[in-house]
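Inspection log for the structure reproduced underneath, given as structure tokens.
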Number of protein chains: 2
Amino acid sequence: MEEYQDHSLGGRVFQKLREDILSGKYKENDELRENTVGKELGVSRTPVREALRQLELEGLVTIIPNRGAYVTGISHKDIWDIYMIRSMLEGLCARWAAEHITEAQLDELEEAILLSEFQMKKESGFNTEQITALDGRFHAILYEASGSRILSHVLTDFHNYVQAARKSSIVSEDRARKSIREHRQILRAIKDRDPEMAEQLANEHIMHVMQNLKKQGY
Amino acid sequence: MEEYQDHSLGGRVFQKLREDILSGKYKENDELRENTVGKELGVSRTPVREALRQLELEGLVTIIPNRGAYVTGISHKDIWDIYMIRSMLEGLCARWAAEHITEAQLDELEEAILLSEFQMKKESGFNTEQITALDGRFHAILYEASGSRILSHVLTDFHNYVQAARKSSIVSEDRARKSIREHRQILRAIKDRDPEMAEQLANEHIMHVMQNLKKQGY
DNA sequence: GATTGTATGATTGTATACAATTATACGAGG
DNA sequence: CCTCGTATAATTGTATACAATCATACAATC
């Protein structure tokens, strides 16, 4: 979905702005002038407008008619809320995955975990970017395996939303190890076609990530 | 939020198209040409483009680069999935509302229910539009009372999404009565500051609506 | 007859021009 | 000194113009 995003200027501006907002480059209440943003990115106002309207829908920007677009940003409470919601929905997702997953998808999950474990074993210290990407990949496959485009859609959105926070969570090597172990347990439950167990484990997994985040001051 | 929607042409086109897609006026895979839509609504391509990009983000439209925008539509399974998700999240919402709600919001909830009960008592047969609106109002207040803009946002989205289905559910007078009774029970639990009970009741409430929908062939 | 290449038309992508609205500066009046 | 009103500038809202891409029709070739 949203394959056009990489192709059109509007899509690229959207992605760039979202990244910059979530990473904190644009701060709360910053004004996003169409002309200014356009000049910075070397495009005209039209694609910028499209992007701003989309960001408004995602809740990252507030548009006041005839006035302008202002960064909404996300508070620590927002992140906490998202993790509570995700905890429930990832549970539901794992349950459905346990009911619908294909052999091919099982293999993909296995591969993602194996690669993660491999990364952690490296003596040179693990690559944070890689681990984050593999974590995202594991969850993305799970979303797909739920067989619900609706659930997949909303979980993907939330996942992107807390991207910035996630990176800071996984830098803790201890947490990274536990996270991968939990992933393996979830996969085990799904392989065993045990929806109840899968749901509970996925549930707890997200709660653990959340608790770890809290320890880091979020 | 999204107050600009009523003000700008782009916002109005967005709402109109969403309504027409959800109501079934535009069917699956229908092509939405910018020029054609624009002429039908008496606006230029620019606001139509903005609307289409937003609809793409909501998953109601699929955009293929340099080709066009096509209606994605929502299947019965999508609706079923949404109700499962909503069931959980409305539960969470009711729980948080029981913890955070203000006196003013309690009054608003009371008022919405009283108006609903009044509508149902009318001998002339109840007004479907009114009942639907009041149902929406009850839930909207609850979303607000959760104190979580994130949860409120996602629940509002889903609520709009199944709007078409909701209307067909509430035409059943029997279901409408039970629905209002359940609303009153939820309010009771929240007033008693009983989060567990509120969560469970809200949970079941949505499941009941879902079951009723199923009986009607959804 | 099927297939491929090309020309033409239609549609989307982007930029720009113009209109409408709002913010700002400044002076008049109290 | 403060308030209000007006003029001007800046910004957003919308429409249109132009460029790029894609679909279609038709002819040439095998």
Side-chain angles (χ1 to χ4, degrees), chain A residues 1-21 25-73, chain B residues 1-21 25-73:
Chain A
M1 191 183 294
E2 284 144 27
E3 307 223 11
Y4 88 97
Q5 296 285 17
D6 301 329
H7 196 268
S8 76
L9 284 186
R12 288 215 294 275
V13 172
F14 171 67
Q15 289 186 326
K16 181 81 168 73
L17 285 179
R18 173 162 69 177
E19 205 181 308
D20 287 347
I21 291 173
K25 184 174 165 187
Y26 289 118
K27 297 187 209 325
E28 183 118 17
N29 293 327
D30 274 5
E31 188 173 358
L32 297 174
R33 259 183 278 269
E34 296 173 359
N35 248 324
T36 311
V37 174
K39 270 177 190 162
E40 276 176 11
L41 303 179
V43 300
S44 79
R45 284 175 54 211
T46 309
V48 176
R49 276 183 67 84
E50 289 176 5
L52 289 176
R53 293 306 185 284
Q54 291 180 302
L55 289 167
E56 209 268 343
L57 212 64
E58 282 215 333
L60 287 173
V61 152
T62 301
I63 291 176
I64 304 177
N66 295 314
R67 285 268 303 271
Y70 301 85
V71 174
T72 303
Chain B
M1 195 182 291
E2 285 142 28
E3 308 221 12
Y4 88 95
Q5 297 283 19
D6 300 328
H7 196 269
S8 77
L9 283 186
R12 287 215 294 275
V13 172
F14 170 67
Q15 289 187 326
K16 181 81 168 76
L17 284 179
R18 173 162 70 177
E19 205 182 309
D20 287 347
I21 291 173
K25 185 173 164 188
Y26 289 118
K27 297 187 209 326
E28 184 119 18
N29 293 327
D30 273 4
E31 188 173 359
L32 296 174
R33 259 183 276 270
E34 296 172 357
N35 247 324
T36 311
V37 174
K39 270 177 191 163
E40 276 176 12
L41 303 179
V43 300
S44 78
R45 285 175 53 211
T46 309
V48 176
R49 276 183 67 83
E50 289 175 3
L52 290 176
R53 292 307 185 284
Q54 291 180 303
L55 289 167
E56 210 268 344
L57 212 65
E58 282 215 334
L60 287 173
V61 152
T62 302
I63 291 176
I64 304 177
N66 296 315
R67 284 267 304 272
Y70 300 86
V71 174
T72 303

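Below, chains carry the letters A, B, ... as their sequence lines are ordered, and counting in each starts from 1. All heavy atoms count here, side chains included; hydrogens, waters and symmetry mates do not.
In the set C/dT14, D/dT16, C/dT21, the nucleotide with an atom closest to the side chain of A/Asn66 is C/dT21.
Whole-Å rounding puts the B/Ile64 CD1 to D/dC22 P distance at 11 Å. Rounded to an integer number of Å, the gap from B/Phe14 CZ to D/dG13 P is 16 Å. In this entry the distance linking CZ of B/Arg12 with C1' of D/dG13 reads 12 Å, nearest Å. Across the protein-nucleic acid pair, A/Glu56 atom CD and D/dT12 atom C1' stand 15 Å apart, rounded to whole Å. Note: CD (B/Glu50) to P (D/dT14) measures 7 Å, nearest angstrom. The nearest whole Å value for the distance from the CZ atom in A/Arg49 to the C1' atom in D/dT11 is 11 Å. Between the CD atom of A/Glu34 and the C1' atom of C/dT16 there is a distance of 14 Å, rounded to whole Å. For the pair A/Arg33 CZ and C/dT22 P, the computed distance is 17 Å after rounding to whole Å.
With a cut-off of 3.5 Å on both pairing distances, the Watson-Crick or G-U wobble partner of C/dG9 is D/dC22. When Watson-Crick and G-U wobble pairs are counted only if both distances are under 3.5 Å, D/dT6 pairs with C/dA25.
Closest non-hydrogen pair, A/Leu57 versus B/Gln54, comes out as CD2-O, 3.4 Å.
For the atom pair A/Lys27 NZ and A/Ile21 CD1, the distance stands at 12.0 Å (nearest 0.5 Å). Rounded to the nearest 0.5 Å, atoms CG (B/Leu52) and CZ (A/Arg53) are 14.5 Å apart. Distance check, rounded to the nearest 0.5 Å: CZ of B/Arg67 to OG1 of B/Thr62 gives 12.0 Å. Summarising the geometry, atom CD1 belonging to B/Ile64 is positioned 10.0 Å from atom CD belonging to B/Glu56; distances are rounded to the nearest 0.5 Å. Between atom OG of residue B/Ser8 and atom CG of residue A/Asn66 there is a gap of 9.0 Å, rounded to the nearest 0.5 Å.
Under the 4.5 Å side-chain criterion, counting only non-hydrogen atoms from C-beta, B/Leu17 is in contact with B/Leu55.
Shown for residues 35-45 of chain A: residues whose heavy atoms fall under 4.0 angstrom of DNA chain D, namely A/Arg45.
For the OP1/OP2 pair of C/dG13 and a distance below 4.0 Å, the side-chain nitrogens and oxygens of B/Arg53 include at least one atom meeting the criterion. A/Arg67 has no side-chain polar atom (N or O) that falls below the 4.0 Å cut-off from OP1 or OP2 of C/dT22.
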